Amino acid sequence: MTQIYPKIKKIILDKASIALRIDRSVLNKVNFNVEKPNEEKNGEISTNISLVIQKEIKQKPSEIATKIISELKKCPEFLKVEFAMPGFINFWLDKSLWQDYLKESLSLTELIDCNIGNGSKVNVEYVSANPTGPLHVGHCRGAVFGDVLSNLLEKTGHNVTKEYYINDAGSQINNLANSVFIRYQEALGKKFTDYPDDFYPGDYLLPVARHFISEYESKLLEMNEEDRFAIIKPYTVEFMVKLIKKDLSALSIHQDIFVSEQELVSKGKIDEAINNLKNSGLVYNGVLDPPKGKIPDDWEPRAQMLFESTKYGDEVDRPLQKSNKEWTYFANDIAYHFDKYSRGSDHLIDILGADHGGYVKRMSAAVAALSDNKAKFTAKLCQMVKLTRNGKQVKMSKRSGEFITLREVIDEVGSDSIRFMMLYRKNEAPLEFDFTKVTEQSKDNPVFYVQYAHARITSVIKKLSDNNFNFNLSSFNNADFSKIDNNYEVDLIKKIADWNKVIESATNLHEPHRIAYYLYELSSVFHTLWSQGKIDRDLKFIIENNEDLTLARIGLLTLTQRTIKSGLDLLGVSAPHEMN
RNA sequence: GCGCCCGUAGCUCAGGGGAUAGAGCAACUGCCUUCUAAGCAGUGGGUCCGAGGUUCGAUUCCUCGCGGGCGCGCCA
């Protein structure tokens, strides 16, 4: 076992079991901590086991701690074990523990050792923007979040499918086709003084219109609407999906599956899913009450086909059919989620914008009903991105077509910066994205701070040959890590030892931002160590004529760099070898 | 009116029940003849929105307020 914290936890568990004469199952029941305290005076590692277990065994924490401590003092791993009020046990470790950890970690090919998923199948659906235009900047938060969460789950033993749902069946596609037809007519010389309300503005439909001109000349004008749309729709949707995939690709996002809503409809998947609900007796015809406190002007009671989502925790039952007997969007989405479940996923995760928050309970109910409570459903909501430039908000208006495309932002600030910034905030918090900050004052961008740490390490390694050191950096078996003993160096090892704990909590909580913050902190500890070399020459990494010491220090740097790299890989951010 | 999310330093935000609450930016002060100064060290700055409750212990969990964002039957 290379990981420090699990190792210490096991020792505490063993010794407490002996000292208190109780079964380990009792100790396993209480959830005690083994963690690094805030203050040095409280030790390098601390546990609250005696506080947490006091009720269970009905003894005073101080008595419990005293008993455990007397056992722990027999362990060679600890230099010192102390009691602290009201019941903490604080440890000081033998440095060799950290040194051994360094050595063992360097022999690993994979630093992340955290099999939470155990091969379970997880489906992560993200972006799923309507195929009616290019992605705009508002889409990118969910895109990056979903992508990194997927990477993380994959890394922790889940079998992940990254998925995009193409909403190509609703009325917005008719509007899209109609917009293309208007552009097509314009290209043929017709003037429009007024556009319909649901017209999609912007220039991105012009090449689509030109395609139809070159393919059909003016023949589309003579067709009836049905035939015309049958030609326009599929091509336009495909064109838009290609556009979207290209934008995603510029952000290094490549999803495994793109599922077409239209295809689900054509294959009769909607009826299939709804019949499934019907067979469970969860569908009925009824009239919903108006929303309390706010009655729409045109409210009138209507009988509709409803899904009894209240049986699964929703506030009201939800309509499956419109009054004209067409399926609602919700019905289609139920079918889509049923499809995802049928393809074998144990856990469905939807990454949604905060404006879809009202949708979560009903979908959760639907998944529970369709899978007979077998599938887990999680919705992660990303709050809005507030775009600013020089501190002033940049307004977007979809109506006028004045929105900032994702592509524009990528071109201006780069994929690495965007990805890091999108994760440098937890998903439930609104995010302010200031162009000025991430471009002109690039120094203030945390991504550079982390990348700089990575590049600096490469820089040291390059310098080795200037000093006639020729190390084999793929193996540190012969290195003597007892040389790594000053506090700045050991602090760096300790920080690296946190890596798997961070991975674990980020995975369990579905909070990838924890990785970004950790990388920043790790880089900070490294930069501090680096700077010590400027104050004290003996703390530089390369020490002339001292091969053993230099090799050990290069080992520490190598592990640091590998850790940073493994984190940046998860984030989909590049790990450069020099800054420019 | 109801539901979800948020409220922590001047600003932007971390802190999954632990000990004296942190970081970046902004302000001020030092550090490049030395492995990359996109860096480091330091100073100042807080009723963690408020009131109750659970607990040995609450910024964290629960309830109720206050303030802000989002959403609320045939849009997707």
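Everything numeric in this text was worked out from a predicted model, so none of it was measured. Every chain is numbered from 1 and lettered A, B, ... according to where its sequence line falls, protein lines coming before strand lines.
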For B/G18, does OP1 or OP2 lie under 4.0 Å from any side-chain N or O of A/Lys36? no
Any idea if B/C32 is syn or anti, going by the 90°-from-0 cut? syn
Taking atom P in both B/C66 and B/C28, what distance in whole Å separates the two? 42 Å
With rounding to the closest Å, how many angstrom separate the C1' atoms on B/U8 and B/G68? 16 Å
Give one of base, sugar-phosphate or nothing for A/Pro291, where a contact means two heavy atoms less than 4.0 Å apart. sugar-phosphate
How many whole angstroms separate atom NZ of A/Lys495 from atom P of B/A23? 12 Å
Both distances under 3.5 Å, Watson-Crick or G-U wobble: report the partner of B/C35, or none. none
When the distance from NE2 of A/His356 to C1' of B/A76 is rounded to whole Å, what number comes out? 7 Å
Both A/Leu539 and A/Val52 contact RNA chain B. Taking the nearest nucleotide for each, which residue is further toward the 5' end? A/Val52
Please work out if A/Tyr359 contacts a base, only the sugar-phosphate, or nothing of the nucleic acid, heavy-atom cut-off 4.0 Å. base
Categorize A/Ala455 for me: base, sugar-phosphate, or nothing, with a 4.0 angstrom heavy-atom threshold over every strand shown. base
So what's B/C40 paired with, Watson-Crick or G-U wobble, going by both distances under 3.5 Å? B/G30
Select base, sugar-phosphate, or nothing to describe what A/Gln383 touches, counting heavy atoms under 4.0 Å on all strands. sugar-phosphate
Watson-Crick/G-U partner (both atom distances under 3.5 Å) of B/G52: B/C62
Under 4.0 Å, heavy atoms only, any strand: does A/Pro301 hit a base, just the sugar-phosphate, or nothing? base
Just call it for A/Ala169: base, sugar-phosphate, or nothing, with non-hydrogen atoms closer than 4.0 Å on any strand. nothing
Have a look at A/Lys55 and say if it touches a base, only the backbone sugar-phosphate, or nothing, with a 4.0 Å heavy-atom cut-off. sugar-phosphate
Please indicate whether A/Lys322 has more than 12 foreign heavy atoms, meaning atoms of other residues, nucleotides or ligands, lying under 6.0 Å from its NZ. yes
Determine the interatomic distance between C1' on B/A27 and the same-named atom on B/G44; round to the nearest Å. 9 Å
Looking at the side chain of A/Arg456, which of B/C4, B/A37, B/C5 is the nearest nucleotide? B/A37
Searching all strands shown, indicate the nucleotide that pairs with B/G57 (Watson-Crick or G-U wobble; both distances under 3.5 Å). none
Nearest-angstrom distance from the residue atom CG of A/Asn38 to P of B/U20: 10 Å
Look at the aromatic rings of A/Tyr520 and A/Tyr449 and report parallel, tilted or perpendicular, splitting at 30° and 60°. parallel
Under 4.0 Å between any heavy atoms, over every strand shown, what does A/Gln451 touch: base, sugar-phosphate, or nothing? Just pick one. nothing
I want to know whether A/Tyr517 and A/Tyr424 have ring centres closer than 6.0 Å. yes
Nearest whole angstrom, please: distance from the C1' of B/C40 to the CG of A/Leu492. 15 Å
Taking OP1 and OP2 of B/A41, is either one under 4.0 Å from a side-chain nitrogen or oxygen of A/Lys534? no
Pairing of A/Asp333 and A/Lys340 as salt bridge, 4.0 angstrom limit: no
Earlier contact from the 5' end, RNA chain B, for A/Arg302 and A/Lys361: A/Lys361
Tell me whether the ring of A/Trp530 lies stacked over the B/G39 base, given a 5.5 Å limit on centroids and a 30° limit on the plane angle. no
Mind checking A/Glu300 for me? I need base, sugar-phosphate or nothing, with any heavy atom below 4.0 Å counting as a touch. base
What nucleotide among B/C5, B/C35, B/U20 has an atom nearest to a side-chain atom of A/Lys540? B/C35
Classify A/Asn580 by what it touches in the nucleic acid, base, sugar-phosphate, or nothing, heavy-atom distance under 4.0 Å. base
Under 30°, 30 to 60°, or over 60°: which ring-plane class applies to A/Phe471 and A/Phe469, parallel, tilted or perpendicular? parallel
Looking at the base of B/A76, is there any donor atom on it, or on the side chain of A/Thr328, that sits under 3.5 Å from an acceptor on the other one? no
Which is true for A/Lys463 with a 4.0 Å heavy-atom rule: it touches a base, it touches only sugar-phosphate, or it touches nothing? sugar-phosphate
Under 4.0 Å, counting only non-hydrogen atoms across every strand here, what does A/His510 touch: a base, just sugar-phosphate, or nothing? nothing
Should the ring pair A/Phe526 and A/Phe541 be called parallel, tilted or perpendicular, given that the plane angle runs from 0 to 90° and is split at 30 and 60? parallel
Establish, with yes or no, whether the OP1 or OP2 oxygen of B/A41 is under 4.0 angstrom from a side-chain nitrogen or oxygen of A/Thr528. yes
Hey, are A/Tyr284 and A/Asp317 close enough side-chain-wise for a donor-acceptor pair under 3.5 Å? yes
N-O pairing of A/Glu511 and A/Lys426 below 4.0 Å: no
What's A/Asp355 touching, base or sugar-phosphate or nothing? Going by heavy atoms closer than 4.0 Å. sugar-phosphate
Can you tell me how far C1' in B/U29 sits from the matching atom in B/U34, rounded to whole Å? 24 Å
Mind checking whether A/His337 and A/Phe377 have parallel, tilted or perpendicular rings, split at 30° and 60°? perpendicular
Which one is paired to B/C2, where only Watson-Crick or G-U wobble pairs with both distances under 3.5 angstrom count? B/G71
Side chain of A/Tyr329 only, heavy atoms from C-beta on: which candidate in B/A76, B/A19, B/A38 is closest? B/A76
Rounded to the Å, how far apart are A/Phe83 CZ and B/G18 C1'? 14 Å
Students often get this wrong, so: under 4.0 angstrom with heavy atoms, is A/Glu326 touching a base, only sugar-phosphate, or nothing? nothing
If the C1' atom of B/C72 is compared with that of B/A14, how far apart are they to the nearest Å? 33 Å
Generate the contact string for nucleotides 11-17 of chain B. Rules: B means base contact, S means sugar-phosphate contact only, - means no protein heavy atom under 4.0 Å. -SSSSB-
With a 3.5 Å limit on both atom pairs, tell me what B/G22 is paired to, counting Watson-Crick and G-U wobble, or say none. B/C13
Taking B/U60 as the reference, what is the distance to B/C49 when you measure between their P atoms (whole Å, please)? 8 Å
Per A/Glu428 side chain, nearest of listed nucleotides B/A76, B/C6, B/G73: B/C6
Atom CZ of A/Arg537 to atom P of B/U33: distance rounded to whole Å? 13 Å
Write down the distance separating the P atoms in B/U63 and B/C2, rounded off to the nearest Å. 15 Å
Donor-acceptor pair (no angle test) under 3.5 Å: A/Asn90 side chain, B/A19 base: yes
A/Leu288 side chain: which of B/G73, B/U20, B/A76 is closest? B/G73
Would you find more than 12 non-hydrogen atoms of other residues, nucleotides or ligands less than 6.0 Å from A/Tyr488 atom OH? no
Classify the ring geometry between A/Tyr195 and A/Phe199 as parallel (under 30°), tilted (30 to 60°) or perpendicular (over 60°). parallel
When the P atoms of B/C13 and B/G7 are considered, how many whole Å apart are they? 10 Å
Quickly work out the A/Asp314 CG to B/G71 C1' distance and round it to whole Å. 13 Å
Does a side-chain N or O of A/Tyr452 approach OP1 or OP2 of B/C40 to a distance below 4.0 Å, or not? no
Can you tell me the distance, in whole Å, between the NE2 atom of A/His527 and the C1' atom of B/C35? 14 Å
I want to check a possible cation-pi pair here: A/Lys80 against A/Phe91, using under 6.0 Å from ring centre and within 45° of the ring axis as the test. no
